[in-house]
> 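Quick one: the structure is below, questions incoming.
This is a predicted model, so every value here is computed, not measured. Indexing begins at 1, ligand by ligand and atom by atom, following the structure's order. Scope of the values below: all heavy atoms of this structure, side chains included, with no hydrogens, waters or symmetry mates.
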Amino acid sequence: MKIAIISDIHGNLEALTAAFRVIETKGIKTVYCLGDIVGYGANPGECIDLLLRHNARTVVGNHDRALFDKHILMCFNRNAKHAIEWTHQQLTEAQKNCLESLPYVLTEGDSTFVHASPLRPEEWDYLMSERDAIAAFPAFSTPLCWIGHTHVPDVFTENAQNQVLERGRRFIVNVGSIGQPRDHDSRLSFCIFDTDDWSMEHIREEYDIASARKKIIDAGLPRWLGDRLVNGS
Ligand code: ZN
């Protein structure tokens, strides 16, 4: 069975819609979302609703939690804080309840799904290096762990350099970001995984960045949040 794993939507409805277009074209019915549905972008509520319509199995991200946890909000920079306070005013009670009820970790089949790191998921550590990955592998029991949070796609392998998934080894895969890629490629990023033969496809897809950027500016959110979509940084 093929599954799609998406992450870090950040209220970018144009990007999420484009991602679902790819997912539907490929006939994929099962979608996992690694959190950060909201924050930064101008359509947080619409993104929550779209994920619900597709029955996405979702874990919580730090921006989602920041709506309910002042300690997380305190650690955010000015732009991120502004976006969360704005988001708080936009969401319905039902949408907020949906975010508040999300789990930190999901485990299904060969896979663990978590926003930042399987090691202390509620600490929101950035898993960015081989060293970070070595510390995180003992924290989950499945062969595979899917993460987001850094907005930079990557594959970490336990005990090997090989970046192609194969049975018998363990991997941590960062799927990149739908709504705010930061690897200097402005196209949205996510992964498709075949749970039978373990083949993985890394999708990069164009979307209507101009519209997403304009909505951010029109909403009175920091202009920089729109500008960074253009160069993917
Ligand atoms: Zn994020």
> Test: side-chain hydrogen bond (donor to acceptor under 3.5 Å, both in side chains). Region: residues 224-233. Which pairs qualify, not counting sequence neighbours?
R213-D227, N231-S233

> Taking 2.8 Å as the distance threshold, tell me the number of protein N/O/S atoms next to the Zn ion (ligand 1).
4

> Can you list the residues that meet the side-chain contact (heavy atoms from CB on, under 4.5 Å) rule with D154, with sequence neighbours excluded?
F156, Q163, N174

> Going by atom types alone, do Y40 and N79 pair a side-chain donor with an acceptor below 3.5 Å?
no

> Going by atom types alone, do Q95 and T92 pair a side-chain donor with an acceptor below 3.5 Å?
yes

> Under the ring-ring contact (aromatic ring centres under 6.0 Å, His included) rule, collect the residues that match up with W86, sequence neighbours excluded.
none

> Just by distance, no angles: are the side chains of T112 and T142 close enough, under 3.5 Å, to form a donor-acceptor pair?
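Side-chain D/A pair, T112 to T142: present.
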
